[in-house]
Structures are given as C-alpha cells and as structure tokens.
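Take a look at the structure set out below.
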Amino acid sequence: MAVDRRETIAAIATARGAGGIGIIRLSGPRVPELARHLLGRSPQPRHAHYAHLRDAQGELIDSGLLLYFPAPASFTGEDVLELQLHGSPPVLQRLLRELHRLGARPARAGEFTERAFLNGKLDLVQAEAVADLIAAGSEAAARAAQRSLQGEFSLRVQALVEATIALRVRVEAAIDFADEEIESLAPQALGRALDELDARLEALAQQARQGQRLADGLHVALLGRPNVGKSSLLNALAADERAIVTSRPGTTRDVLRETVRIDGVELTLADTAGLRETCDPIEHEGIRRARAEAGRADLVLLVLGERDEGAEEALPERIDRIVVHNKIDLSGAAARIERREGIEHVYLSAHSGEGLALLKACMAARMQVDAEGSFSARERHVLALARAREELAQARTAHQRLAAPELTAEHLRRVQQALGEITGAFSTEDLLGRIFANFCIGK
Ligand code: GDP
C-alpha cells in the first residue's frame with residue numbers, strides 16, 4: 001500500500017517505557033492544528049509544553065509533555081507532535097481514539113520511518129538500521145547499527161555508485177571517440193579502472209557480510225570424530241537437551257541446530273555427524289552434510305576426545321576454528337586456553353562444565369574483534385553487492401574481449417542499478433512494503 005502523505009498519522013510509539021512514560025507520536029499536515037487544539041494555543045517549536053489533554057466532553061484524559069517539531073526539521077521531515085504521558089495502556093488508547101476522532105489515522109508498522117525515507121531524511125540502509133538498532137541484541141550490534149544509521153555504509157555505497165557513473169561516462173566516451181587516441185579512454189586504462197572498481201566492491205561486500213553476521217548472529221559448526229562429545233558440548237552450551245546424546249558412535253546423523261546467546265550475540269550452533277570414514281550410506285550422507293555445514297560456518301569448533309586424535313585433516317585451511325579438547329575429567333588435563341600456531345585450544349569437560357566458561361569467553365572475544373568498526377547490514381545488501389560484482393565481472397569479460405563496448409556499458413549500468421537498490425535510489429513499492437512491514441507500529 002502506498003503511503004499518502006497528505007494524511008496525518010498517530011500511533012503509540014512507546015507504551016510504558018522507562019519510568020512508566022508512554023509516548024504517542026503524530027506526523028503529517030494536520031499536526032499544527034491538532035497541537036493547537038490539544039494545548040489550547042499555538043505550541044512553540046521544539047519546546048516542552050505541559051499540557052492537559054481532554055476528550056470531546058472536556059474530561060481530562062491525562063497531563064503530560066507536548067513537543068512540536070515543525071517540518072522539515074523532524075524525524076519524518078513532516079510536522080511532528082510527540083506527547084509524553086503516564087504510560088498506562090488504557091490512557092494511551094483513550095487519547096489515541098480521541099486523536100483519531102480529530103482526524104489522524106492509525107499509523108501502519110514502520111510508517112514513521114517510511115515517511116522519513118520518502119521525504120529524503122534517511123536512505124533505505126539508514127531506515128533498516130533504525131530497525132536493527134531497536135532489535136540489537138548486544139552492544140556490538142547496537143554500535144554497528146548506529147554506524148549504519150549515521151550513514152557510514154550508505155556513504156561507501158554512494159562512493160561506489162559515483163565511481164561506476166564515472167566509469168560509465170568513460171566507456172560511453174570511448175564508444176563515441178573510438179577513432180581518437182585519448183589516453184584515459186584507451187582499453188588498458190579502462191581495464192585498470194574496472195579492476196579497481198572490482199577490488200573496492202569486493203572489500204565492501206566483505207564488510208557487509210560481516211555486518212550481516214553481526215546482526216543475524218554467528219554460525220558455528222561443531223565438528224569432530226564420533227563420540228568425542230559434540231552433542232554433549234552443544235547441550236552444555238545451550239543448557240538444553242535437544243541434541244541426542246548417546247554413547248554409541250555415529251548417532252548424530254543429521255545436523256542439529258541450537259541458538260544460544262553469548263554476550264548478547266546470537267550464535268547458531270550446528271552439531272554435525274562425526275567425521276570418519278564409513279560404509280553406512282545414511283551416515284555417509286551425514287558426514288557429507290557435516291563438511292558442507294563447516295564450509296558455511298563462520299567458526300568451527302573442532303572437538304577432540306580424551307585421546308586427542310585429530311580430525312583437522314578434513315577441514316579446509318581458511319576456516320576459522322577453535323580446537324576443543326573435551327573430556328578433561330577423563331584425561332586429567334587442566335582446564336585452560338592455549339594458543340598454538342595462531343590457533344586457540346580450549347581444554348574442558350562438557351560433562352562437568354569445567355572450562356566451558358573459557359570456551360564461551362574465547363567465542364565472545366572473537367565476535368568482538370569481528371565487530372570492530374563494522375556497520376550493520378542485511379542479506380538484501382549482501383545479495384545486491386553480489387549481483388553488482390557479477391555484473392562487473394561480465395563488464396570486464398566484455399571489455400577484455402573488446403567485442404562490443406556497448407555490452408560493457410550495459411553491464412556497468414546494471415552494476416549501478418544493483419548498488420542503487422541498496423540505498424533505495426532504485427526501489428519498488430513491493431520492496432518498501434517488505435522492509436517496513438518488519439518494523440513495529442509507532443516506529
Ligand atoms: P558425539 O558423537 O561427538 O556427539 O558425542 P556425544 O556427545 O554423543 O558423547 C559421546 C559419549 O561421550 C557419551 O557417552 C557422553 O556422555 C560422553 N561424554 C561427552 N562429553 C564428555 C565429558 O566431558 N566427559 C566424559 N567423561 N564423558 C563425556
């Protein structure tokens with residue numbers, strides 16, 4: 001549904017917030033008139049008025065603060081009114097009904113932020129960051145969302161859009177002035193510029209993936225030979241009995257998932273089938289899935305039993321890992337963390353719980369390092385960046401073949417379009433609907 005900005009919207013922004021304060025927010029052209037009606041005189045902009053809010057019969061509903069923000073210096077860019085009241089839901093509902101009677105209509109989910117976007121106050125990345133900031137489960141995630149809201153991610157995207165436009169201009173010029181020798185339009189120069197743009201795109205794509213991880217949580221896979229205690233460790237971390245724990249090797253055939261929170265960051269733990277050679281076809285499939293899971297994970301917990309036999313050979317080099325030496329209650333080893341050749345080894349017992357806190361701290365530290373300087377991002381952004389890179393790859397191929405420069409130009413146009421979708425320079429109503437529907441009412 002399209003937003004009709006001639007309508008004035010009203011909604012409860014916070015019911016019973018800190019100190020029992022409830023906030024009702026209004027936005028739209030009728031706000032000045034409504035504010036005058038509620039206060040009994042014209043409110044001063046950005047000034048806290050103490051107001052007695054009454055119904056049509058003159059009965060007092062509540063007293064509280066009234067703040068008026070005239071357009072365009074407001075969150076939505078429209079005339080905005082904020083009422084701070086005693087946060088009881090019946091009081092807020094009653095006042096809201098009164099506001100609706102006076103001509104404001106109920107706001108839809110995310111409509112305040114959507115109006116801010118439509119009025120050019122925020123781009124789409126920043127609007128999404130508002131929701132991410134509200135949903136942030138950790139300080140690191142909140143900081144990342146704040147950086148996106150302040151425009152750090154948008155600026156990076158914008159810089160790439162501009163670089164793409166500049167390159168499009170050069171490619172088009174090279175078509176028009178094909179007969180003249182202009183150095184900056186020579187195939188080698190353009191080739192270098194295409195390479196450079198790709199490197200910048202790749203760097204941003206990597207940062208966006210990290211930002212998405214921070215918002216969505218880290219994916220951790222538990223890997224190791226049968227019976228080393230992967231399910232037990234998963235249970236100990238999740239303090240839940242969802243994974244099947246038995247003493248028979250090879251029972252964890254499928255991949256079980258558990259979500260836990262460490263330092264407020266969500267971790268999805270996947271318990272995988274044991275790594276070992278097998279003739280059992282079902283188990284074989286489980287092992288194949290285990291390897292696939294490890295390939296997708298941000299972090300692998302490589303679990304070893306009391307005999308410390310390695311299963312590392314099965315793990316691709318580039319995957320980030322922590323080696324867990326389980327069953328120290330049997331081996332007699334002391335609970336500790338050791339760093340060997342840049343890899344952390346944690347000694348613990350899933351049974352007694354000894355050393356478990358060390359593992360949690362180790363995982364938490366890794367998440368903090370990852371969070372440093374990153375901004376929040378979403379799958380939508382990551383996919384758009386991937387699409388931009390694909391188009392750029394095609395532009396480079398077309399350029400290298402020197403076949404049709406028009407083709408290079410066309411792919412570059414699509415690179416720009418994919419980037420534009422991130423900030424909302426190109427957006428469809430459908431996309432906006434999906435993004436803002438995930439917000440709460442009043443935001
Ligand atoms: P998985 O096949 O790697 O998932 O291993 P399980 O979690 O099913 O554990 C295999 C066996 O080792 C079970 O009998 C567990 O009770 C046992 N086990 C797991 N962790 C420990 C531990 O820290 N100490 C001891 N003594 N036994 C453990």
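Heavy atoms only: backbone and side chains are in, while hydrogens, waters and symmetry mates are out. Both ligands and their constituent atoms are indexed starting at 1 by order of listing.
In Asn227, the parts holding a heavy atom less than 4.0 Å from any atom of ligand 1 are both the side chain and the backbone. Contacts between Leu330 and ligand 1, counted as non-hydrogen atom pairs separated by less than 4.0 Å, involve the side chain only.
Identified under the ring-ring contact (aromatic ring centres under 6.0 Å, His included) test for residues 124-143, with sequence neighbours left out: none.
Side-chain contact check for Gln207 and Arg156: at least one donor-acceptor pair (N or O, by modelled atom type) lies under 3.5 Å.
Here the shortest heavy-atom distance to atom 3 (O) of ligand 1, taken over Lys230, His351, His325, Glu354, belongs to Lys230. Distances from atom 15 (C) of ligand 1 to the heavy atoms of Ser232, Pro226, Ser231 put Ser232 nearest.
Between Ile343 and Arg321, the closest side-chain pair of non-hydrogen atoms falls below 4.5 Å. For the pair Thr8/Asp79, no side-chain contact is recorded, criterion being any heavy-atom separation below 4.5 Å from C-beta on.
Which parts of ligand 1 touch Val228 is read off a 4.0 Å heavy-atom cut-off, strictly below it: atoms 3 (O), 5 (O).
The ring-ring contact (aromatic ring centres under 6.0 Å, His included) search around Phe439 returns Phe436, not counting sequence neighbours.
Not one N or O of Ile328 is nearer than 3.5 Å to an N or O of ligand 1, by distance alone.
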